[in-house]
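Structure first, commentary second.
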Amino acid sequence: MMEITGYRRKNGRFGIRNHVLVLPTVSCVNGVIHRIARDVPAAVCAPHAHGCGRGGPRDLEILFRILTGLVHHPNVGGVVLVGLGCEVSNIRNLLPLIADAGKPIEFFNVQEDGGSQETAQKGAAAARRILSEISSQPRVALPWNELLIAMECGGSDAMSGVTANVAMGAVSDWLVERGASIIFGENTEMIGTAHVLTGRAKDEQVAHRIEQMIDGAEKLTREVMGELAGLVISPGNMDGGMSTIAEKSMGCIFKGGTTTINQVVDYGQAPSERGLILQDGPGYDGDSMAGLAASGSQLMFFSTGRGNPVGFPALPVIKVASNSRIFEAMKGDMDVNAGSLVEGRVLDQLRAEMIDLMIRVINGEKTKAEINGMEVLTFMTVHPPF
């Protein structure tokens, strides 16, 4: 087995990429971020749709947790923060939360730095400075127990729970056996599986938290959808052969493998335990990915049967097709064909292929989503904007 390598951060964590992240504190400055992206293509620029207009404590908690989680992310070697100046998540409020990030951070406010054009020029210059500063950092041996790998599914079909998620579960078990940690979420897609997941909890406290999470997701679904709650799956999922959320859930949880569940964390929260971790987050792909990334996962597997090409800023995403048809139709987007399992390939062979690819990606090989620039940042909110 090949050695895995990464970048050791000052706080002892390891990243598998050494990105400069250009992050807006509020959507009002996304235009500035786009200009910086055009000027400094080597930086990872992550515009988003949030940062202000929401006042509930839960929304503010999520907002600050996602932004600070991305600044602290181990794959990020340096950060350029661009704010407006009058937003809720302004840099003055963020600084106490990122002061111990242990990496170069430069920040600008459009209202204080000469307007959008001048701020874009300053931001681009800062991104170039940080890129130059961190470019000489060497890759070093990365212990397996320093890995946190996310498992996500999206654009699922009836084969996702038969092929791709089963294969990802096999990889999950392999990683946990070597001391690495796995995190997966999508609480909506755990409805109907509480009896399975609680039976795998490490203790009563974790089992109770799993029940709370799934009960909460089901209650919210019934409040919002009423009698149609059992059909809380996308039209694409139904076209792909699934009929109910319970059916989707039973396939969804395979991607976490079979090991003991050691902790349930909140949306975007970093786990304090190792091994298999659940995240209390939504099923919507982009929002779920942001929560898993903000928790500190360095890499993500993403299964899809309908063909979802989405990636994530600063995080390599390995796309696993659940059927050969979508793999062939979207060869430029898919990294692995788990559909081969129904054509005679054995699970051990596919798992070995996925582990080999994962090791190459950890060591620097780009995934299709990275090559294609499919990065999207969107995250969960609870209430509508005011």
Side-chain angles (χ1 to χ4, degrees), residues 17-55 59-60 62-73 75-99 101 103-135 268 286-287 289-290 293-294 310-315 370 372-381 383-386:
R17 297 290 185 267
N18 203 23
H19 289 303
V20 171
L21 177 67
V22 181
L23 185 67
T25 63
V26 63
S27 61
C28 308
V29 300
N30 278 349
V32 175
I33 303 301
H34 289 304
R35 291 202 59 156
I36 295 173
R38 290 193 291 271
D39 288 348
V40 192
V44 173
C45 297
H48 58 80
H50 305 289
C52 207
R54 299 176 197 275
D59 273 325
L60 293 178
I62 291 171
L63 170 64
F64 282 90
R65 184 178 288 163
I66 295 296
L67 294 181
T68 57
L70 294 179
V71 171
H72 283 272
H73 196 281
N75 287 357
V76 173
V79 182
V80 177
L81 272 176
V82 179
L84 181 60
C86 57
E87 66 275 27
V88 171
S89 58
N90 66 65
I91 290 170
R92 182 179 62 256
N93 291 332
L94 284 172
L95 281 180
L97 303 174
I98 59 176
K103 59 186 71 174
I105 301 174
E106 296 200 31
F107 50 89
F108 306 92
N109 274 323
V110 170
Q111 293 170 348
E112 301 162 4
D113 281 287
S116 59
Q117 186 173 358
E118 190 165 336
T119 303
Q121 292 171 354
K122 291 178 179 178
R128 293 190 191 97
R129 281 195 300 275
I130 297 176
L131 279 167
S132 175
E133 181 180 341
I134 69 174
S135 62
D287 288 8
M289 294 170 77
V310 68
F312 193 85
L315 193 69
E370 285 182 297
N372 296 337
M374 289 294 105
E375 299 88 0
V376 173
L377 173 58
T378 175
F379 49 88
M380 184 177 82
T381 60
H383 301 292
F386 57 80

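From a predicted model like this one, the values you see are computed outputs, not experimental measurements.
Heavy atoms only, all atoms of each residue included: Val20 and Ile134 are closest at CG2-CD1, 3.7 Å. For the pair Ala46 and Leu23, the tightest heavy-atom approach, listed with the atom from each and the gap, is O-CD1, 3.9 Å. Residues Ser116 and Val110 approach most closely at N-CG1, 3.7 Å, considering heavy atoms. Nearest heavy-atom pair, Cys52 versus Val26, reported as atom, atom and distance to 0.1 Å: CB-CG2, 4.0 Å. Closest of all the heavy-atom pairs between Val40 and Ala127 is CG1-CB, 4.2 Å. The heavy-atom pair separating Ser89 from Leu67 by the smallest distance is CB-CD1, 3.9 Å.
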Would Phe107 and Leu94 count as a side-chain contact (heavy atoms from CB on, under 4.5 Å) here? Give the steps. CA-CA 11 Å; Phe107 50 89; Leu94 284 172; over 6 Å; no

For Thr119 and Val29, run side-chain contact (heavy atoms from CB on, under 4.5 Å): C-alpha distance rounded to whole Å, both residues' side-chain angles, the deciding distance at 0.1 Å, then the answer. CA-CA 10 Å; Thr119 303; Val29 300; over 6 Å; no

Check against side-chain contact (heavy atoms from CB on, under 4.5 Å), Ile62 and Thr381: CA-CA 7 Å; Ile62 291 171; Thr381 60; over 6 Å; no

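No donor-acceptor pair closer than 3.5 Å links the side chain of His19 to the backbone N or O of Leu315. Using modelled atom types, one side-chain atom of Asp113 and one backbone atom of Asn109 make a donor-acceptor pair closer than 3.5 Å. Panel note: side chain Arg54, backbone His383; a donor-acceptor pair is recorded below 3.5 Å. Using modelled atom types, no side-chain atom of Asn90 and backbone atom of Gly83 make a donor-acceptor pair closer than 3.5 Å.
In this structure, the side chains of Phe108 and Val80 come closer than 4.5 Å at one or more pairs of heavy atoms. Inter-residue side-chain proximity for Gln121 and Arg35 is flagged as unmet; no heavy-atom pair is nearer than 4.5 Å. Using a 4.5 Å heavy-atom threshold, the side chains of Cys86 and Gln111 count as touching. The side-chain heavy atoms of Val88 and Phe64, taken from C-beta on, include a pair separated by under 4.5 Å. In this structure the side chain of Val71 never reaches within 4.5 angstrom of the side chain of Val76, judged on heavy atoms.
Going from atom CD of Glu375 over to atom CE of Met289 covers 10.0 Å, rounded to the nearest 0.5 Å. Note that the CD1 atom of Ile91 and the CD atom of Glu106 stand 11.0 Å from one another [nearest 0.5 Å]. Once rounded to the nearest 0.5 Å, the distance linking CG of Leu70 with CG of Leu377 reads 6.0 Å. Within the model, atoms CD1 of Ile105 and CD1 of Ile130 stand 8.5 Å from one another, a figure rounded to the nearest 0.5 Å. Atom-to-atom distance recorded for Asp39:CG and Arg128:CZ is 5.5 Å, nearest 0.5 angstrom.
Contacts of Phe379 classified as ring-ring contact (aromatic ring centres under 6.0 Å, His included), with partners at least two apart in sequence or in another chain: His48, His50. Glu112 meets the salt bridge (Lys or Arg N to Asp or Glu O under 4.0 Å) test with no other residue; sequence neighbours excluded. Annotation: ring-ring contact (aromatic ring centres under 6.0 Å, His included) contacts of His73 (sequence neighbours excluded): none.
Look at Glu133 and Arg129 and you find no salt bridge, because none of the NZ, NE, NH1 or NH2 atoms lies under 4.0 Å from a carboxylate O.
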